[in-house]
Amino acid sequence: MIRDLGMACKEWGFFMVINHGVPESLMSMMEAGTRDFFDLPEDEKRKYEGKGVVDSVRYGTSFGGGTGRGHTFFWRDFVKALVRPQFHSPSKPEGFSDLLAEYCEKMLDMGKVLLKGISQSLRLDIEHINKIMDIESSLQLWAANRYPPCPDPESVMGIPAHTDYGLLTFLTQQGADGLEIFHQDKWVEVRPIKGAILVNTCDHIEVNYPNNNGREVKSILHRVQVNTEKTRISIVSSIGPSPDTFVRPIEELPEEGEEVAKYMGMKYREYFDLMYDPQAIREVMP
Ligand SMILES: O=C(O)CCC(=O)C(=O)O
Ligand SMILES: [Fe+2]
């Protein structure tokens, strides 16, 4: 089991978890609550339009912003909430915030267990990742995406290819498939097992273990295709290091004159600050 998990992290950066212990009733309430959020009137949702990744609650849409056909590369609405270290939630629909708190707690619990398994698969102490990432103060985000049917799916993407920040992303979907992961130079469609939670390993785990004597974890490149028929909704939660964790490769740094380290270290909080400030990125990059 641990070996399989290690293999999945190294070869794929992606796996599905069944028998995860998250009650089915909670998962379906979450699905319904998310649908109800997206069905709120547009002006209710637009209250949450913001700029930064860690705005406490943020809503965005590819539609109705005057982008016009041919200029719309994303085909989705999304909502994001920062749920830890401080808890934030959309205030509607009614009861949603209690549901979100419970759901995210279960996701974090599952994440801790998986990170123990991943630590073991890297031949590290079972608590290694949870400890060095200060998972008890994890920066946890919840997000949902809605991809409406699209008359011209060839010319847009639900979300273009990207990797996720953080340690692990958990994902469930409803309505239609569409997620694809990049594996051995090919895009592979993900067809989830019913009730499974999809997991991908993310940037801040790859930075730590980029090539640790053959022990490595990949941050998987993925994207979402849309279709002409059905709306797809995905529910995403991301667990990361604590905002103050300094994340850097743990492998020995190269000797002078050798190849430079693949990644520079920085606090998780600084990473978020940089992500939306291109000028700042130019200043810190060698
Ligand atoms: O909708 C999906 O399946 C993927 C969403 C995603 O990649 C993201 O929100 O980062
Ligand atoms: Fe993603």
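Start at 1 and go down the list; that is how both ligands and their atoms are numbered.
- Applying the 6.0 Å contact sphere to NZ of Lys230 captures no more than 12 heavy atoms from other residues, nucleotides or ligands.
- Pairing each heavy atom of Asn145 with each of Arg76, the nearest pair is OD1-NH1, 2.6 Å.
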Which N or O atoms of ligand 1 sit under 3.5 Å from a protein N or O, and how far apart is each pair?
{"residue": "ligand 1", "atom": "1 (O)", "partner": "Tyr147", "partner atom": "OH", "Å": "2.6"}
{"residue": "ligand 1", "atom": "1 (O)", "partner": "Arg232", "partner atom": "NH1", "Å": "2.9"}
{"residue": "ligand 1", "atom": "1 (O)", "partner": "Ser234", "partner atom": "OG", "Å": "2.6"}
{"residue": "ligand 1", "atom": "3 (O)", "partner": "Arg232", "partner atom": "NH1", "Å": "2.9"}
{"residue": "ligand 1", "atom": "3 (O)", "partner": "Arg232", "partner atom": "NH2", "Å": "3.1"}
{"residue": "ligand 1", "atom": "7 (O)", "partner": "His162", "partner atom": "NE2", "Å": "3.1"}
{"residue": "ligand 1", "atom": "7 (O)", "partner": "His222", "partner atom": "NE2", "Å": "3.0"}
{"residue": "ligand 1", "atom": "9 (O)", "partner": "Asn145", "partner atom": "ND2", "Å": "3.1"}
{"residue": "ligand 1", "atom": "10 (O)", "partner": "His162", "partner atom": "NE2", "Å": "3.1"}
{"residue": "ligand 1", "atom": "10 (O)", "partner": "Asp164", "partner atom": "OD1", "Å": "3.2"}

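- His204 is linked by a ring-ring contact (aromatic ring centres under 6.0 Å, His included) to Tyr268, Tyr271, counting only residues two or more places apart in sequence or in another chain.
- In this structure, Lys92 places its NZ atom where only 12 or fewer heavy-atom neighbours from other residues, nucleotides or ligands lie under 6.0 Å away.
- Legend: protein N/O/S atoms lying under 2.8 Å from the Fe ion (ligand 2), waters omitted, number 3.
- Taking a cutoff of 4.0 Å between a charged side-chain nitrogen and a carboxylate oxygen, Lys116 and Glu127 qualify as a salt bridge.
- Among all heavy-atom pairs drawn from Pro151 and Thr228, the shortest one is O-CG2, 4.2 Å.
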Just list the side-chain donor-acceptor pairs under 3.5 Å for residues 96-106, sequence neighbours left out, or say none.
none

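- Contact detail for Leu168 and Gly111: the closest heavy-atom pair is CD1-O, 4.1 Å.
- Using a 3.5 Å distance cut-off with no hydrogens or angles, the side chains of Asp134 and Thr245 do not pair a donor with an acceptor.
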